Amino acid sequence: MLYVKGFLVALQGVPVTVGVTLIAMVTGVVLGLVLALMKMSRIKVLTALASLYIEIIRGTPLIVQALIMAYGLPQLLQSSGISFRWPYLIIPAVIVCGLNSAAYVAEVIRSGIQAVDKGQMEAARSIGMTRAQAMKLIVIPQALKIVLPSFGNEFVSLIKETSVLSYVGVVEILRKGALWNAATFNTFEAYIGVALVYMLLTIPSSKLVKHLEKKMANSNAE
Amino acid sequence: MSSIIQVKGLKKNFGALQVLKGVDAAIEENEVVCIIGPSGSGKSTFLRCLNRLEEITEGEILIDGVHLSKENENEVRTEMGMVFQSFNLFPHMSVLDNVTIGPRKVRGIDRKEAEKKALELLARVGLRDKADGYPSSLSGGQKQRVAIARALAMNPKIILFDEPTSALDPEMVGEVLDVMKGLTHGGMTLVIVTHEMGFAKEVADRVLFMDEGYIIEQGTPDEIFSHPKEERTKNFLSKVL
């Protein structure tokens, strides 16, 4: 059955897709936290830089960012006399997905931090903690708990967004399907197979996120 | 010997709203001072200025002879605990961790020692058996008692209480007031904003009556409750007593 074959071919791309998604997610959360703190900082330069970054990244398509990073950057360096080529195109792909995710995650984290009751910071300061200690020990842990479901949603989105990386030469799920299509012309079976594999990843993940959301709602209801 | 808390010409505005219009006060070491007054009088704001949770617009606050400023606020706060109306326990930590985190992270005391002291304090407020529980499993009165233990864990010279029983169901008010009464013998300065007149009468060395951003009158509980001099004081007391 060609549909099965299409599915199995697409399935071969799963390790790359999931790998890229996971690394991008971790990068996105770490960088996103930094950006969120920068944006909330009282140092105007940091606020401006973070805001600028977030505006630009959220204002441009991921695929454009990927092209700039994967092909544009080497060409720019070469024209300045620096010989540069990405050893593997998956490297700029992962970087771009991480940088992209960070911009969205930053806003999520920022809203999470602002959702933490003001009294928490006050109580922490009242026992002598510095603002930094209070953020690290009291506010941010609670903020992350609040936005955990949103992280889950970002993860599901990322899984699907990595499909654009097929355009910059990364052999993930979509590219596997596209290559098989190019070789056999079983176009419909190829892309149905691709779609099914994505669903295989996203549907359980979404269910997990809903489960997490329920857990959060229950733990908050006292 | 100068007072442990000295307030001179304290004014506090929130934007265009003048909440404190010029307050002078002196609180002595080991004194128990209760601040009473109608809503909006500025009592809580005054209290929160003392540990700089609110920044003053004008005037001066001296804590133990030191001018309170942004530069020393953290240090001053290690000697000045606060108990909030809404408890503000840290929900993501156990009761024990709530009490030990201050000593461990701010004073650098090691975990074992901090936990030993914390368990003593929790026993003192009657909640030793709840040490491994989480705040969400506690009643309001229990939460407030943990909050008091958390403040005590830092070994402060002064504890500020911002309407500590106002958010409690009536049947739990007593257990918290009992704990607070226990503190009045402990050689600590207590500044308590409260609506519990009976409590103030019983434990206060001095009562301050505030209204519309000023201290209208102050004196011993007997002076204030039984022989108020000012009209506004009499007015307020007639409504609440």
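Everything numeric in this text was worked out from a predicted model, so none of it was measured. Letters go in sequence order (proteins before strands), and every chain restarts at 1.
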Residue pair [X] / [Y], side-chain heavy-atom distance below 4.5 Å:
X	Y	answer
B:Lys105	A:Ile127	no
B:Phe90	A:Pro141	no
B:Met80	A:Ser126	no

Within this structure, what is the CD-CG distance for the pair A:Glu122 and B:Asp162, rounded to the nearest 0.5 Å?
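Nearest 0.5 Å value for the CD-CG distance: 9.0 Å.
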
Gap separating the CG atom of B:Asn74 from the CE atom of A:Met129, nearest 0.5 angstrom:
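One finds 11.0 Å between CG of B:Asn74 and CE of A:Met129.
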
Looking at every non-hydrogen atom in both residues, tell me the closest pair between A:Leu137 and B:His92 and how far apart they are.
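Shortest heavy-atom contact: O-NE2, 3.0 Å.
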
Taking every heavy-atom pair that is under 4.5 Å apart, which of B:Val106, B:Asn51, B:Ile101 has the most such pairs with chain A?
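Highest number of heavy-atom pairs under 4.5 Å: B:Val106.
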
Return the option, out of B:Val83, B:Val76, B:Leu89, with the maximum number of heavy-atom pairs under 4.5 Å with chain A.
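Of B:Val83, B:Val76, B:Leu89, B:Leu89 has the most heavy-atom pairs under 4.5 Å with chain A.
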
More than 12 heavy atoms of other residues, nucleotides or ligands under 6.0 Å from [atom1] of [X]: yes or no?
X	atom1	answer
B:Glu60	CD	yes
A:Gln114	CD	yes
B:Asp132	CG	no
B:Lys11	NZ	no

Is it the backbone or the side chain of A:Gln120 that comes under 4.5 Å from a heavy atom of chain B, or both, or neither?
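Both the backbone and the side chain of A:Gln120 come within 4.5 Å of chain B.
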
In residues 34-54 of chain A, which residues are in contact with chain B at a heavy-atom separation under 4.5 Å?
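Contacts with chain B: A:Arg42.
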
Short question: side chain of B:Asn88, backbone of A:Ala123 - any donor-acceptor pair under 3.5 Å?
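Flag not set: sc B:Asn88 to bb A:Ala123 has no pair under 3.5 Å.
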
Which residues share a salt bridge (Lys or Arg N to Asp or Glu O under 4.0 Å) with B:Glu73, sequence neighbours left out:
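Salt bridge (Lys or Arg N to Asp or Glu O under 4.0 Å) check on B:Glu73 returns A:Arg125, B:Arg52, B:Arg77.
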
Once side-chain hydrogen bond (donor to acceptor under 3.5 Å, both in side chains) is applied, what residue pairs with a partner in residues 168-191 of chain B remain, sequence neighbours excluded?
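Output for this query lists B:Arg145-B:Glu175, B:Lys181-B:Glu202.
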
Any side-chain hydrogen bond (donor to acceptor under 3.5 Å, both in side chains) pairs touching residues 196-213 of chain A, not counting sequence neighbours?
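Only A:Glu172-A:Tyr198 qualify under side-chain hydrogen bond (donor to acceptor under 3.5 Å, both in side chains).
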
At a heavy-atom separation under 4.5 Å, does B:Arg48 approach chain A through its side chain, its backbone, both, or neither?
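The answer is the side chain of B:Arg48.
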
